[in-house]
2 protein chains.
Amino acid sequence: MMWDMLAFGPHARDGNWISNLPSVPTLDDVARSAGVSTATVSRCLNSPERVVEHTRKRVMAAVEQLGYTPNFGARVMAAKRTFTIGAIIPTMENAIFARGLQAFQEALHARGYTLLVASSAYQPKIEEEQIRSLVARGADGLLLIGHDRDPAVYEYLRARSIPVLSAWVYLPDCDQPTVGFDNRASMRALAQKVIDFGHRSIAMISGITEGNDRAAARLAGLRDALSDNGLDPGAVPVIETPYEIENGSVAFRTLMQGDTRPSVVMCGNDVLAVGALRGAREIGLSVPDDVSITGFDDIELARIVEPQITTLHVPHREMGRRAAEALIDIVEKRNSGASIELQSSIQLRGSLRDLRV
Amino acid sequence: MMWDMLAFGPHARDGNWISNLPSVPTLDDVARSAGVSTATVSRCLNSPERVVEHTRKRVMAAVEQLGYTPNFGARVMAAKRTFTIGAIIPTMENAIFARGLQAFQEALHARGYTLLVASSAYQPKIEEEQIRSLVARGADGLLLIGHDRDPAVYEYLRARSIPVLSAWVYLPDCDQPTVGFDNRASMRALAQKVIDFGHRSIAMISGITEGNDRAAARLAGLRDALSDNGLDPGAVPVIETPYEIENGSVAFRTLMQGDTRPSVVMCGNDVLAVGALRGAREIGLSVPDDVSITGFDDIELARIVEPQITTLHVPHREMGRRAAEALIDIVEKRNSGASIELQSSIQLRGSLRDLRV
DNA sequence: GATTCAAATGTAAGCGCTTACACTAACCTC
DNA sequence: GAGGTTAGTGTAAGCGCTTACATTTGAATC
């Protein structure tokens with residue numbers, strides 16, 4: 001276990017009375033100034049209805065006048081709550097997470113919570129470290145992406161009674177709550193559509209599946225569809241590569257160099273699909289005339305390129321918002337935290353050719 | 001002033017001994033288990049070099065065995081530091097901020113800090129509320145975008161000795177540190193290039209300048225360049241609109257409906273430029289043959305569309321990283337916080353036509 | 001006017017940690 | 001060997017807040 005996070009380093013106690021001059025007012029100062037006890041001031045702030053009107057007015061005036069702001073640490077210590085929620089996402093560089101996180105943050109804010117953010121770069125080890133770090137920072141609850149991780153992590157969180165919510169996946173049978181969609185079924189549906197369009201020679205550019213259950217589920221979904229249609233799921237050329245445009249381009253060109261060119265390249269997300277599209281242009285192939293391309297996520301990019309990319313629309317903003325609400329509900333013990341399923345939907349666009357016509 | 005953020009709501013003290021069963025170990029437990037005082041345990045964690053080897057080993061073993069994690073609130077209270085940095089950005093939906101924030105977070109993490117995030121949706125009022133909220137949450141320092149805001153905000157922060165860093169702008173004469181580039185000079189340079197290319201009829205699609213000094217500076221930069229070249233800066237058609245693709249499209253079409261069609265439409269950022277490009281396509285205009293378009297920021301989008309957009313490259317990742325380092329340096333009092341200037345650079349691409357050839 | 005009871009407020013005990021200061025023991029120096 | 005260092009450790013005083021419990025106040029009732 002890493003103890004770095006425990007170390008706050010050597011601290012010079014601020015014993016310098018000079019720097020204390022612009023001292024921040026405390027509850028005590030407010031109490032004295034308003035001529036009441038600290039308890040009353042605290043109640044004015046936390047449960048105003050328990051303080052009679054004229055007292056409250058006097059107190060609030062003192063608060064205002066002194067420019068009082070509660071001390072965070074003291075409050076956390078006494079109340080055992082930080083009203084802070086932690087989120088660990090793979091990266092904010094992918095618009096899908098950036099937008100989900102934006103919606104998540106907005107929803108948290110609406111309910112008086114603040115967001116603590118960390119990123120894992122898709123690396124389980126980094127993610128674990130970040131989980132510890134956010135927990136140590138007092139997060140009241142945690143949002144994680146995907147659900148497949150070391151059981152010890154869940155053990156650790158349970159021991160500390162920190163609620164966790166897994167987003168971007170929907171696992172009804174899981175003992176942890178999830179908010180998301182069925183990656184596997186979604187990809188299966190898209191692949192089915194591709195097959196319906198007459199494609200038989202399918203290749204895939206997948207994200208790295210190791211340690212990424214969404215990527216793995218999408219690949220599995222493609223294999224499901226192939227099996228469903230009597231095609232050999234083992235025969236699909238698959239290249240796994242990190243979600244970067246350039247990688248999509250490289251992978252695409254590699255796939256196209258094989259003996260049997262696929263008629264369609266299905267990508268693990270839109271970023272790879274955009275890369276594939278670029279790769280096609282680079283080697284002079286026309287999409288969708290020479291080869292079709294599909295994506296996943298439906299980020300802005302997918303509709304900006306030419307041709308637009310056929311992809312699966314994922315309601316990322318709604319996912320972020322619902323995740324925030326569900327997580328807060330659990331933190332505040334309003335419910336036990338059932339999973340919420342969101343629907344993805346196929347967006348047929350120019351990058352996929354219908355071979356039947 | 002809003003006091004909502006002060007209210008933690010009614011709290012039931014966890015007096016239920018049953019729920020205390022899986023109790024989290026405290027410093028005291030560790031001390032007892034290791035047969036030392038709490039001070040020694042604390043020192044082991046915070047300044048190991050001050051504890052003799054064999055004692056330290058014993059203590060760390062106890063820490064390990066008990067699964068001890070320091071209590072955040074108590075630590076904050078005693079140490080007066082949270083090792084948390086707050087950042088308030090307009091929105092994570094724009095890749096420029098998402099990436100800058102990603103780099104910022106990575107750099108913070110590398111130095112043992114955690115990121116608290118909020119967004120303002122470009123609204124000063126919301127931003128102020130968020131500032132108070134993050135300060136109340138104990139942020140040791142704050143990252144803000146741009147520098148133009150109510151002096152009372154800076155007053156508030158100074159009173160609490162919270163260091164602030166303004167990013168995305170470079171203001172050497174400002175008493176607050178900034179990390180960024182000169183928006184005005186950058187736009188001026190780009191406009192000069194546009195003029196050099198023979199364009200005389202220039203229009204601009206700007207972001208909303210009210211409450212956004214970057215947007216205002218970019219517009220001013222364009223006017224500077226016009227003046228420099230003996231053109232009338234007051235004659236430029238300017239449409240201000242929020243940074244959304246669709247708005248760029250609408251604004252572009254509006255500009256094109258005027259009596260005198262501009263030969264180039266300069267946009268306040270790439271998002272608007274991509275929208276403008278889409279607008280051009282919608283009304284059947286060819287870019288750059290019929291009209292040129294320029295952007296600002298150089299996000300991925302700019303190189304994905306066809307034609308690629310001529311824009312100003314802004315080193316957003318570096319900006320995020322440098323901002324994190326500078327801010328931590330200030331928080332840790334390593335220096336007084338001088339501003340850092342980063343360079344933007346013109347990226348000439350297909351969307352800008354050289355009328356001289 | 002005495003009695004009752006609820007509402008309003010005050011008192012004070014922690015919460016778990018850091019660190020100034022006190023203490024002890026071991027080692028020098030003269 | 002007395003006096004002086006110094007390194008290692010312990011003692012205990014807060015840090016500012018919330019809240020259980022005690023007390024006061026004042027209105028309602030008889």
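Because only heavy atoms are used, hydrogens play no part in the values below, and waters and symmetry mates are left out as well, while side chains stay in. Chain naming here is simple, since letters A, B, ... match the order of the sequence lines and numbering starts at 1 in each.
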**Q** If you pin A:Thr38 and A:Val52 to their nearest nucleotides in DNA chain C, which one's is more 5'?
**A** A:Val52
**Q** OP1, OP2 of C:dG10 versus side-chain N and O of A:Thr40: anything below 4.0 Å?
**A** yes
**Q** Can you find a side chain N or O atom of B:Thr55 that sits less than 4.0 Å from OP1 or OP2 on D:dT9?
**A** yes
**Q** What is the distance, to the nearest angstrom, from the CG atom on B:Asp28 to the C1' atom on C:dG14?
**A** 13 Å
**Q** side-chain contact (heavy atoms from CB on, under 4.5 Å) with B:Pro177: which residues, sequence neighbours excluded?
**A** B:Leu165, B:Ile330
**Q** Tell me the salt bridge (Lys or Arg N to Asp or Glu O under 4.0 Å) pairs involving residues 34-43 of chain A, sequence neighbours left out?
**A** none
**Q** Counting only side-chain heavy atoms from C-beta out, which of D:dG16, D:dA12, C:dA12 sits nearest to B:Ala39?
**A** D:dA12
**Q** Would you mind reading off the distance between B:Leu45 atom CG and C:dG16 atom P, rounded to a whole angstrom?
**A** 16 Å
**Q** Rounded to whole Å, how long is the line connecting atom CG of B:Leu27 with atom P of D:dG10?
**A** 13 Å
**Q** What about A:Arg43, does its side chain sit under 3.5 Å from the base of C:dG10 through a donor-acceptor pair?
**A** yes
**Q** Taking A:Ser42 for its side chain and A:Thr40 for its backbone only, find out whether a donor-acceptor pair lies under 3.5 Å.
**A** no
**Q** Does A:Asn46 put a side-chain nitrogen or oxygen below 4.0 Å from OP1 or OP2 of D:dT18?
**A** yes
**Q** Nearest whole Å is fine: how far is D:dG16 P from A:Asp29 CG?
**A** 9 Å
**Q** In whole Å, what is the span from the CZ atom of B:Arg32 to the C1' atom of D:dG10?
**A** 15 Å
**Q** Give the rounded distance in Å between these two atoms: CG of A:Asn71 and C1' of D:dG16.
**A** 5 Å
**Q** Using the closest heavy atom to pick a nucleotide of DNA chain D for each, name whichever of B:Met77 or B:Ser37 lands nearer the 5' end.
**A** B:Ser37
**Q** Could you state the NE2-P distance from A:His54 to D:dT25, rounded to the nearest angstrom?
**A** 13 Å
**Q** Between A:Lys125 and A:Glu128, does at least one N-O distance fall below 4.0 Å, as a salt bridge requires?
**A** yes
**Q** Is the gap between the ring centers of B:His109 and B:Phe104 under 6.0 Å?
**A** no
**Q** Which nucleotide wins on minimum distance to the side chain of A:Val51, given the candidates C:dG10, C:dT9, D:dC17?
**A** C:dT9
**Q** Under 4.0 Å, heavy atoms only, any strand: does B:Ser42 hit a base, just the sugar-phosphate, or nothing?
**A** base
**Q** What's the CD-C1' distance between A:Glu49 and C:dA8, to the nearest Å?
**A** 13 Å
**Q** Considering just the side-chain nitrogens and oxygens of B:Thr26, establish if one lies under 4.0 Å of OP1 or OP2 belonging to C:dG16.
**A** no
